[in-house]
Amino acid sequence: MRVEETILPGVVVVRPDVFEDDRGFLLETYSKERYDGFRALGYDFVQDNHSRSRRGVLRGLHFQEREPQGKLVRVSRGRVFDVAVDIDPASSTFRQHVGVILDDADHVQLFIPPGYAHGFCVLSEVADFEYKCTSHYRRDDSRGVLWNDPSIAIPWPVADPIVSAADARNPSLDEYLAGNDPAPGGVLAR
């Protein structure tokens, strides 16, 4: 397994060892012992999620404000463009993002620590997206910023994405910051 740092502090690309032969393949998608050996991944995971989406679906950009979630994400079927965005105005990488292709061919994972916004869009006919979370999902704590906020300028590889009504109503990052006092110890206190 190889772990590669990105331009965002703590956001890392994980390239697991894949053992293939004429029967198929085997890979270890998570092992606390092995993954905790890497500085950036020293988190306890408390919840696993699995979503299925069709081509063109874009989900995001999501985060939790008071109980931020770190996520170890992967695609078990299909192909997605996955994005982490720094939304902390005190950070030296504020508004910057990392975009990575995740698919079922190379099995790359992305670890996004608590305090970042996250989203993805589906590039294949269907995609199964799986992720481990460092805190439980709290509907009342769930927040988002607009997926196509020009101040973030993510080069989404879909021309006309399918976006939920809730995601379409998300504020821009500036609107979110102007209307919210950061929660003590929350997403903006990374």
Side-chain angles (χ1 to χ4, degrees), residues 1-21 23-55 57-64 67-88 91 93 96-137 142 144 147 152 154-158 161 187 190:
M1 174 172 66
R2 294 185 327 273
V3 175
E4 302 165 2
E5 293 185 11
T6 68
I7 62 166
L8 299 180
V11 176
V12 295
V13 174
V14 179
R15 297 187 186 280
D17 296 326
V18 181
F19 303 95
E20 295 183 79
D21 62 23
R23 299 168 297 161
F25 69 87
L26 170 77
L27 76 139
E28 190 175 80
T29 60
Y30 178 74
S31 164
K32 183 168 178 50
E33 181 179 72
R34 286 174 46 86
Y35 279 57
D36 279 357
F38 295 98
R39 183 182 73 243
L41 275 74
Y43 289 90
D44 288 326
F45 294 103
V46 299
Q47 179 177 325
D48 285 1
N49 295 331
H50 180 159
S51 74
R52 177 172 291 158
S53 304
R54 63 187 171 102
R55 182 184 297 279
V57 167
L58 191 151
R59 298 179 185 266
L61 299 163
H62 304 143
F63 58 95
Q64 287 189 176
E67 294 183 44
Q69 288 182 309
K71 297 175 181 175
L72 177 62
V73 302
R74 71 187 201 93
V75 170
S76 58
R77 176 171 69 161
R79 182 178 179 89
V80 307
F81 178 68
D82 194 69
V83 178
V85 180
D86 189 339
I87 58 171
D88 180 359
S91 171
T93 56
Q96 293 183 38
H97 64 274
V98 168
V100 178
I101 298 290
L102 304 177
D103 62 30
D104 60 7
D106 62 14
H107 310 285
V108 168
Q109 301 170 326
L110 186 66
F111 178 71
I112 305 152
Y116 289 91
H118 172 254
F120 67 91
C121 66
V122 178
L123 305 176
S124 54
E125 287 305 310
V126 67
D128 283 344
F129 188 84
E130 300 179 14
Y131 52 108
K132 304 182 86 51
C133 300
T134 62
S135 65
H136 293 282
Y137 174 73
S142 182
W147 65 274
I152 300 171
I154 297 168
W156 294 105
V158 291
V187 70
R190 196 172 337 112

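Computed over heavy atoms, backbone and side chain alike; hydrogens, waters and symmetry mates excluded. Along the sequence shown, the residues carry numbers beginning at 1.
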query = Which is it for Val122 and Arg54 under the side chain to side chain contact (heavy atoms under 4.5 Å, CB included) test, yes or no, and what are the steps along the way?
reply = CA-CA 6 Å; Val122 178; Arg54 63 187 171 102; over 6 Å; no

message = Applying side chain to side chain contact (heavy atoms under 4.5 Å, CB included) to Val75 and Asp128, what does each step give before you reach the verdict?
response = CA-CA 6 Å; Val75 170; Asp128 283 344; 5.8 Å; no

request  = Determine, stepwise, if the pair Val14 / Val108 fulfils side chain to side chain contact (heavy atoms under 4.5 Å, CB included).
outcome  = CA-CA 6 Å; Val14 179; Val108 168; over 6 Å; no

request  = Would you sort out whether Arg77 and Asp104 count as a salt bridge (Lys or Arg N to Asp or Glu O under 4.0 Å), showing the intermediate values?
outcome  = CA-CA 5 Å; Arg77 176 171 69 161; Asp104 60 7; over 6 Å; no

request  = Apply salt bridge (Lys or Arg N to Asp or Glu O under 4.0 Å) to Glu4 and Arg15, showing your working.
outcome  = CA-CA 8 Å; Glu4 302 165 2; Arg15 297 187 186 280; 2.7 Å; yes

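Atom NZ of Lys132 is separated from atom CG of Asp48 by 3.5 Å, given to the nearest 0.5 angstrom. Rounded to the nearest 0.5 Å, atoms CG (Leu123) and CG (Leu102) are 10.0 Å apart. We find the SG-CG distance between Cys121 and Asp82 to be 9.0 Å, quoted to the nearest 0.5 Å. The structure places CD of Glu67 at 10.0 Å from OG1 of Thr134, a figure rounded to the nearest 0.5 Å. Here His118 contributes atom NE2 and Gln69 contributes atom CD; the two are 10.5 Å apart, rounded to the nearest 0.5 Å. With values rounded to the nearest 0.5 angstrom, Arg74 atom CZ is found 9.0 Å from Leu72 atom CG.
Among all heavy-atom pairs drawn from Leu61 and Gly119, the shortest one is CD2-N, 3.9 Å. Closest heavy-atom contact between Val80 and Ala127: CG1-CB, 3.7 Å. Scanning both residues, Gly115 and Ile87, for their nearest heavy atoms gives O-CG1, 3.9 Å. Here the closest heavy-atom approach between residue Phe81 and residue Pro155 is recorded as CE2-O, 4.2 Å. Among all heavy-atom pairs drawn from Pro113 and Pro9, the shortest one is CG-O, 4.0 Å.
Side-chain contact between Trp156 and Pro161 is absent, with no heavy-atom pair separated by less than 4.5 Å. Tyr131 is not listed as a side-chain neighbour of Ile112, based on a closest heavy-atom distance of 4.5 Å or more. Counting heavy atoms from C-beta outward, Trp147 and Ile152 have side chains that stay 4.5 Å or more apart. When side chains are defined from C-beta on, Val100 counts as touching Val13, because their heavy atoms get closer than 4.5 Å. Counting heavy atoms from C-beta outward, Val126 and Arg52 have side chains that approach closer than 4.5 Å. Counting heavy atoms from C-beta outward, Val98 and Asp86 have side chains that stay 4.5 Å or more apart.
In this structure, Phe63 has its ring center no closer than 6.0 Å to that of Tyr116.
Scored by the side chain to side chain donor-acceptor pair (under 3.5 Å) test, His97 finds no partners at all (sequence neighbours excluded). Ser135 meets the side chain to side chain donor-acceptor pair (under 3.5 Å) test with no other residue; sequence neighbours excluded. By the salt bridge (charged side-chain N to carboxylate O under 4.0 Å, His left out) test, Arg79 pairs with Asp103, sequence neighbours left out.
No side-chain donor-acceptor contact under 3.5 Å links Gln109 to the backbone of Val12.
Note on ring orientation: taking the six-membered ring where Trp is involved, the planes of Phe120 and Phe129 are parallel (angle under 30°, cut-offs 30° and 60°).
Side chain to side chain, Arg59 and Ser53 meet the donor-acceptor criterion of an N or O pair below 3.5 Å.
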